[in-house]
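What follows is one structure encoded as structure tokens, with my remarks underneath.
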Amino acid sequence: MQSMSSPPACQGPLTAATRLCAVLGAPVRHSASPAMHNAALGALGLDWRYVGCEVDPLHLREAIEGARHLGFIGLNLTVPHKLIAVELMDELDGSAVEWGAVNTVVFGRRNPSGDWVPVGQGDAGGSPVLSRGYNTDADAIIRSLNEDLEIEPRSARVLLLGAGGAGRAAALRLAAEGVSVLWLVNRTRERAEALAAEIEIRFPNVEVRIGYPDTDVEIVLNATSLGLKPGDHLPLDLNQFAIDRADGVYDMVYRPAETPLLCEARRAGCRASNGLGMLLYQGAAALELWSGRPAPVAVMREALQREIHGGIP
Ligand SMILES: NC(=O)c1ccc[n+]([C@@H]2O[C@H](COP(=O)([O-])OP(=O)(O)OC[C@H]3O[C@@H](n4cnc5c(N)ncnc54)[C@H](OP(=O)(O)O)[C@@H]3O)[C@@H](O)[C@H]2O)c1
């Protein structure tokens, strides 16, 4: 278990009947998902626990298989697993197909009528347990941009940094939302080019360019993992794009709560937000898929605030 904060008081004792959920990543120790989900599981009175597991991407397949056979309810996937997992699922939900990455896995069965029954929601008889991949990141980023930066992405000009699992889902979702121009910058240029080509085909009304904007933008969005580790350089080359040319800067990284990018943004007078809101809404959607019950969003938000602002340094 990676989170060092104490479990919420309302969680019952661990027993042989307790079921597990987990976030798999490398690294994973930064993840606030265990704190958020354990608070929610306690509030819902579910005898489940949520843990963090460091999994090398070379062994992601075995880790997912292991979780399936150990009777896990479901998984979240974080850096660097979201793209790899698309090939590893037995089934893909429309959200994973649409946004091209998997951040939530639900284990479940097909009942005799062929309906999907998550293992967290009942017994569908003796048919084999399957893994089904979903994407809950894409809608979460749009909601968090609205709430936390008070920016409506429709018609906005957006500079997106990163084209990994989260960047890809964000780019496609922003294109679907109707941004006017999307600039893509990624360390591996070919990945950004492949994403741009896909957007041009699927969303022909969106102008997509590789490289830095030569104009002001409404949103700069960091979807790289830069900022997670102390000493990481900025995900943005300030010589190529002055940050005060952005209205709002959103960093998907949420630990540390104030990344170097967000510090630069605030110094330049931009609106700035870390990725806590995105984490909250993708997590709430995942919990609803696993449990079939409304997520206790207020409890989850409070647990996140405690974990990030009052918990582990
Ligand atoms: N707040 C949330 O709810 C939320 C949700 C999803 C993701 N995230 C965060 O978003 C970040 C990306 O996650 P992911 O799942 O997309 O990971 P990923 O699939 O592994 O992608 C990582 C991205 O970061 C870039 N990158 C990594 N190291 C770099 C370096 N040293 N210099 C420049 N670029 C570098 C990669 O570029 P290459 O293509 O060149 O490798 C790629 O674009 C992570 O920090 C994750 O924690 C947050």
Side-chain angles (χ1 to χ4, degrees), residues 2 23-37 52 54-58 60 75-87 95-96 99-105 133-145 147-149 159-173 184-196 210 221-237 240 250-257 259-262 273-287 300-301 304 307-308:
Q2 303 292 332
V23 54
L24 312 185
V28 82
R29 287 190 67 89
H30 68 279
S31 177
S33 289
M36 169 176 74
H37 279 290
E54 181 108 8
V55 173
D56 186 303
L58 289 175
L60 183 61
L75 300 170
N76 284 132
L77 303 175
T78 186
V79 53
H81 299 323
K82 296 179 194 209
L83 291 177
I84 311 166
V86 173
E87 305 298 326
S95 58
W99 313 125
V102 170
N103 76 307
T104 299
V105 180
Y134 293 74
N135 189 294
T136 65
D137 276 344
D139 288 346
I141 183 64
I142 298 295
R143 185 159 175 194
S144 186
L145 285 171
E147 286 187 9
D148 298 320
L149 283 185
L159 166 57
L160 176 63
L161 310 165
R168 178 173 159 69
L172 293 167
R173 185 65 184 82
L184 300 177
V185 171
N186 193 51
R187 175 179 61 179
T188 309
R189 188 183 166 94
E190 300 75 48
R191 235 177 177 181
E193 285 171 349
L195 181 55
I210 305 295
L221 175 55
N222 178 38
T224 76
S225 41
L226 288 172
L228 273 179
K229 293 196 300 288
D232 272 353
H233 61 83
L234 284 178
L236 174 75
D237 182 347
Q240 300 214 51
Y250 191 95
D251 199 334
M252 286 193 190
V253 175
Y254 55 83
R255 198 195 308 263
T259 61
L261 178 68
L262 294 178
S273 173
N274 66 23
L276 219 59
M278 179 179 178
L279 183 71
L280 172 66
Y281 291 123
Q282 64 76 31
L287 181 57
M300 296 169 84
R301 188 193 301 278
L304 281 180
E307 174 79 1
I308 299 300

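The first residue of the sequence shown is numbered 1, and numbering continues consecutively from there. Each ligand, and each atom within it, is numbered from 1 in the order the structure gives.
Within the 4.0 Å heavy-atom criterion, both parts of M252, backbone and side chain, lie near ligand 1. Proximity of D137 to ligand 1, defined as any heavy-atom pair under 4.0 Å, is confined to the side chain (atoms from C-beta onward). Within the 4.0 Å heavy-atom criterion, both parts of V79, backbone and side chain, lie near ligand 1. Within the 4.0 Å heavy-atom criterion, neither part of D232 lies near ligand 1. If you look at V253 next to ligand 1, the close heavy atoms, those under 4.0 Å, all belong to the side chain.
Expressed to the nearest 0.5 Å, how far CG of L24 lies from NZ of K82 amounts to 11.5 Å. Taking CZ of R173 as the start and CG of D137 as the end, the distance is 12.0 Å to the nearest 0.5 Å. Summarising the geometry, atom CG belonging to N135 is positioned 10.5 Å from atom CG belonging to L77; distances are rounded to the nearest 0.5 Å.
Proximity to G162 (heavy-atom distance under 4.0 Å) selects the following atoms of ligand 1: 43 (O). Heavy-atom proximity to G275, at under 4.0 Å, picks out these atoms of ligand 1: 1 (N), 2 (C). Those atoms of ligand 1 with a heavy atom of L228 less than 4.0 angstrom away are 45 (O). For ligand 1, the atoms sitting less than 4.0 Å from at least one non-hydrogen atom of Y254 are 1 (N), numbered in the order shown with element in parentheses.
Contact of the N76 side chain with the Q282 side chain is registered, since non-hydrogen atoms from C-beta on lie closer than 4.5 Å. Using a 4.5 Å heavy-atom cutoff, the side chains of V185 and D237 are not in contact.
For L279, a nitrogen or oxygen atom sits less than 3.5 Å from a nitrogen or oxygen atom of ligand 1, counting backbone and side chain alike. Taking any N or O of A163, backbone or side chain, at least one lies under 3.5 Å from an N or O belonging to ligand 1. For G165, a nitrogen or oxygen atom sits less than 3.5 Å from a nitrogen or oxygen atom of ligand 1, counting backbone and side chain alike. For R191, a nitrogen or oxygen atom sits less than 3.5 Å from a nitrogen or oxygen atom of ligand 1, counting backbone and side chain alike. Remark: ligand 1 and A166 share an N or O pair separated by less than 3.5 Å (distance only, no angle test). Considering backbone and side-chain atoms together, P80 places no N or O closer than 3.5 Å to any N or O of ligand 1.
In summary, the side chains of T259 and D251 do present a donor paired with an acceptor at a separation below 3.5 Å, with no hydrogens or angles considered. One side chain, T224 or N222, offers a donor N or O that lies under 3.5 Å from an acceptor on the other.
Closest to atom 30 (C) of ligand 1, if we only count protein heavy atoms, is R187 NH1, 3.3 Å. Here the protein heavy atom with the shortest distance to atom 5 (C) of ligand 1 is M278 CE, 3.5 Å. Protein heavy atom at the shortest distance from atom 11 (C) of ligand 1 is T224 O, 3.4 Å. Looking only at heavy atoms of the protein, atom 40 (O) of ligand 1 is closest to T188 OG1, 2.5 Å. In terms of protein heavy-atom proximity, atom 12 (C) of ligand 1 is closest to A223 O, 3.3 Å. Here the protein heavy atom with the shortest distance to atom 32 (N) of ligand 1 is L226 CD1, 3.4 Å. Here the protein heavy atom with the shortest distance to atom 43 (O) of ligand 1 is N186 OD1, 2.7 Å. S225 OG, 4.0 Å is the protein heavy atom nearest to atom 22 (C) of ligand 1.
Taking all atoms of both residues into account, the shortest heavy-atom contact from V28 to G52 is CG1-C, 4.3 Å. When all heavy atoms of P235 and L261 are compared, the pair lying nearest together is CG-CD2, 4.0 Å. Heavy-atom minimum distance, L304 versus A32: CD2-CB, 3.6 Å. Across all non-hydrogen atoms, the minimal contact from E307 to A35 is OE1-CB, 3.5 Å. Here the shortest heavy-atom pairing between T136 and A286 reads CG2-N, 4.1 Å. The minimum heavy-atom distance linking L83 with R168 is given by the pair CD2-CD, 3.5 Å.
The option with the heavy atom closest to atom 6 (C) of ligand 1, from among Q282, K82, H30, H81, is K82.
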Passes side chain to side chain contact (heavy atoms under 4.5 Å, CB included), Y254 versus S273? Steps please.
CA-CA 9 Å; Y254 55 83; S273 173; over 6 Å; no
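The shortest heavy-atom distance from L83 to ligand 1 is not under 4.0 Å.
Between the side chain of H37 and the backbone N or O of V23, no donor-acceptor pair lies under 3.5 Å.
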